[in-house]
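Predicted model only: the values in this text are computed from it and were never measured.
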Amino acid sequence: MKKIVAIITPYKKNGKINWLGLTFLINFHIYNKTDKILMLGTTGESHVFNIRDFVNLILFIKKFYFKFLFSINKNNLKIIYYKYYLLKTNNINLVLLSLPYYVLPNKISIYNYFKKLKKFGIKTIFYNIPKRTGIYISFLLYNKLINKKYVFYIKNSFNNVKNSLILKNKKLFLLSGEDTNLYFCKKILYSGTISVYNNVFPKMFNNINNKFIYFVKQFNYDINPVLIKNLIKKIFSIKINFDLLFGIEKIFFTQSQI
């Protein structure tokens with residue numbers, strides 16, 4: 001399985017990106033032979049990044065000569081088009097894209113959404129996460145998007161065995177989006193995984209088995225990235241601050257322990 005890490009973006013206490021900490025984390029994954037690095041792929045990041053930081057991040061990763069992709073999760077189509085343009089002009093040719101949340105578009109709108117984005121010449125991984133978007137796509141629409149090459153892969157975070165089996169039978173290129181479902185996804189030959197847990201345990205992803213899944217489940221909280229962020233702080237012993245970007249998650253995480 002291909003290993004793609006949804007890397008966590010570190011911040012300084014003044015709210016600016018910690019470029020030194022990010023350099024360390026990227027080199028950590030290059031050393032541990034992670035296949036690709038997904039930028040802005042953990043909960044909340046793609047929602048809050050302004051265009052200036054987005055551009056700086058694109059320019060920053062150029063020096064690593066590694067395979068990067070970006071997550072885009074916005075409602076404003078003009079911003080989405082502009083970000084696609086920025087990525088294309090900087091030779092980034094793979095994007096993880098979710099559907100516009102809350103808007104609840106119909107099937108024709110979803111089809112046209114991916115059709116227009118294909119014009120940029122960037123391959124799209126469709127992020128299927130109904131619990132966040134409220135949209136369940138039919139298998140007929142999946143087939144149309146794949147056949148027209150509007151979508152090349154699907155990150156499937158709909159943690160449902162029946163759904164996974166049907167998609168796999170239709171020979172779609174699937175990436176696991178639920179760490180607790182990794183072993184099953186490996187057994188039915190998913191193409192790979194996009195994982196937050198891979199931030200801390202990249203070598204363990206080389207051998208996904210029942211023991212590994214049991215280990216992952218011990219760290220599984222409803223708000224996925226919070227524990228991983230805290231583990232990074234402690235394990236790597238570098239000054240990284242995530243609280244400014246994910247303050248609301250910190251509040252909920254604290255309450256869940258009461």
Side-chain angles (χ1 to χ4, degrees), residues 2 4 6 35-41 43-51 54-55 57-58 61 67-160 162-178 190-194:
K2 293 289 183 182
I4 302 174
D35 294 301
K36 291 183 178 67
I37 294 175
L38 171 64
M39 310 303 297
L40 311 182
T43 302
E45 289 199 35
S46 59
H47 298 277
V48 300
F49 250 70
N50 59 45
I51 292 295
F54 188 82
V55 172
L57 200 57
I58 291 174
I61 63 173
K67 295 178 181 179
F68 292 90
L69 61 150
F70 275 71
S71 172
I72 296 179
N73 191 346
K74 292 285 185 182
N75 273 350
N76 190 319
L77 289 178
K78 288 184 179 180
I79 294 177
I80 293 174
Y81 292 158
Y82 184 50
K83 286 188 173 182
Y84 261 72
Y85 169 76
L86 290 173
L87 293 172
K88 182 61 178 179
T89 53
N90 285 279
N91 298 316
I92 296 170
N93 297 310
L94 188 60
V95 166
L96 176 68
L97 183 72
S98 65
L99 292 173
Y101 49 91
Y102 190 74
V103 178
L104 298 179
N106 58 34
K107 293 180 182 178
I108 295 175
S109 297
I110 293 171
Y111 182 84
N112 289 331
Y113 176 66
F114 286 104
K115 181 180 179 180
K116 290 178 180 178
L117 290 173
K118 187 193 175 183
K119 295 178 180 179
F120 288 91
I122 295 178
K123 292 183 177 180
T124 297
I125 302 172
F126 167 51
Y127 189 7
N128 181 36
I129 183 165
K131 64 183 178 183
R132 298 278 175 87
T133 63
I135 304 168
Y136 295 84
I137 292 187
S138 68
F139 296 112
L140 179 61
L141 182 54
Y142 274 130
N143 279 337
K144 286 184 176 180
L145 293 173
I146 292 290
N147 291 337
K148 291 288 187 178
K149 296 185 178 179
Y150 297 159
V151 167
F152 282 80
Y153 297 93
I154 296 172
K155 177 188 176 184
N156 194 25
S157 291
F158 184 28
N159 197 6
N160 179 287
K162 181 180 178 181
N163 173 270
S164 294
L165 289 172
I166 292 175
L167 286 175
K168 190 58 190 176
N169 287 338
K170 289 182 177 291
K171 298 181 180 180
L172 301 176
F173 294 97
L174 292 174
L175 299 165
S176 171
E178 292 286 343
Y190 263 47
S191 304
T193 174
I194 297 179

*Asks:* Just verifying a value: how many Å separate Leu38 CG and Leu175 CG, rounded to the nearest 0.5 Å?
*Replies:* 10.5 Å
*Asks:* To the closest 0.5 Å, what do you measure between OH (Tyr153) and CD1 (Ile146)?
*Replies:* 10.0 Å
*Asks:* Can you confirm whether Val151 sits close enough to Tyr142 that some side-chain heavy atom of one is under 4.5 Å from a side-chain heavy atom of the other?
*Replies:* no
*Asks:* Take Val95 and Leu117 through the test side-chain contact (heavy atoms from CB on, under 4.5 Å) and record every step on the way to the result.
*Replies:* CA-CA 11 Å; Val95 166; Leu117 290 173; over 6 Å; no
*Asks:* Find the distance between CG (Asn156) and CD1 (Ile125) and round it off to the nearest 0.5 Å.
*Replies:* 13.0 Å
*Asks:* Under the side-chain hydrogen bond (donor to acceptor under 3.5 Å, both in side chains) definition, can you give me all pairs with a residue in residues 109-125, not counting sequence neighbours?
*Replies:* Tyr84-Thr124, Asn106-Ser109
*Asks:* Let me confirm one number: the CD1-CG distance from Ile108 to Leu141, rounded to the nearest 0.5 Å.
*Replies:* 10.5 Å
*Asks:* Apply the test side-chain contact (heavy atoms from CB on, under 4.5 Å) to residues Asn128 and Lys155: give CA-CA distance (whole Å), side-chain angles for both, the deciding distance (0.1 Å), then the verdict.
*Replies:* CA-CA 6 Å; Asn128 181 36; Lys155 177 188 176 184; over 6 Å; no
*Asks:* Would you please name every residue forming a ring pair (Phe, Tyr, Trp, His ring centres under 6.0 Å) with Tyr127, sequence neighbours left out?
*Replies:* none
*Asks:* Closest heavy-atom contact between Ser71 and Gly41?
*Replies:* CB-CA, 3.9 Å
*Asks:* Measure the NZ-CG distance between Lys36 and Leu96 for me, rounded to the nearest 0.5 Å.
*Replies:* 13.0 Å
*Asks:* Can you confirm whether Thr193 sits close enough to Lys2 that some side-chain heavy atom of one is under 4.5 Å from a side-chain heavy atom of the other?
*Replies:* no
*Asks:* From the options Ser98, Pro105, Pro130, select the one residue that forms a side chain to side chain contact (heavy atoms under 4.5 Å, CB included) with Ile135.
*Replies:* Pro105
*Asks:* Tell me, yes or no, whether the heavy-atom count around Lys144 atom NZ, taken from other residues, nucleotides or ligands under 6.0 Å, exceeds 12.
*Replies:* no
*Asks:* Taking side chain as C-beta onward, heavy atoms only, is Ile92 less than 4.5 Å from Ile61?
*Replies:* yes
*Asks:* Evaluate Leu87 against Phe120 for side-chain contact (heavy atoms from CB on, under 4.5 Å), listing each step before the verdict.
*Replies:* CA-CA 9 Å; Leu87 293 172; Phe120 288 91; over 6 Å; no
*Asks:* Run the numbers on Ile154 and Leu145 for side-chain contact (heavy atoms from CB on, under 4.5 Å), then give the verdict.
*Replies:* CA-CA 11 Å; Ile154 296 172; Leu145 293 173; over 6 Å; no
*Asks:* Which pair of heavy atoms, one from Asn93 and one from Lys88, lies closest together, and at what distance?
*Replies:* OD1-NZ, 3.4 Å
*Asks:* With rounding to the nearest 0.5 angstrom, report the CD1 to CG distance, Ile72 to Leu86.
*Replies:* 9.0 Å
*Asks:* State, to 0.1 Å, how close Leu99 and Thr133 come at their nearest heavy-atom pair, and which atoms those are.
*Replies:* O-CG2, 3.8 Å
*Asks:* Taking atom OH as the centre, does Tyr82 end up with more than 12 heavy-atom neighbours from other residues, nucleotides or ligands that are less than 6.0 angstrom away?
*Replies:* no
*Asks:* Might you point out which heavy atoms bring Leu94 and Ile122 nearest each other, and give the distance in Å?
*Replies:* N-CG2, 3.7 Å
*Asks:* Under 6.0 Å from the six-membered ring centre of Phe70 and within 45° of its axis: does the NZ or CZ of Lys83 meet both?
*Replies:* no
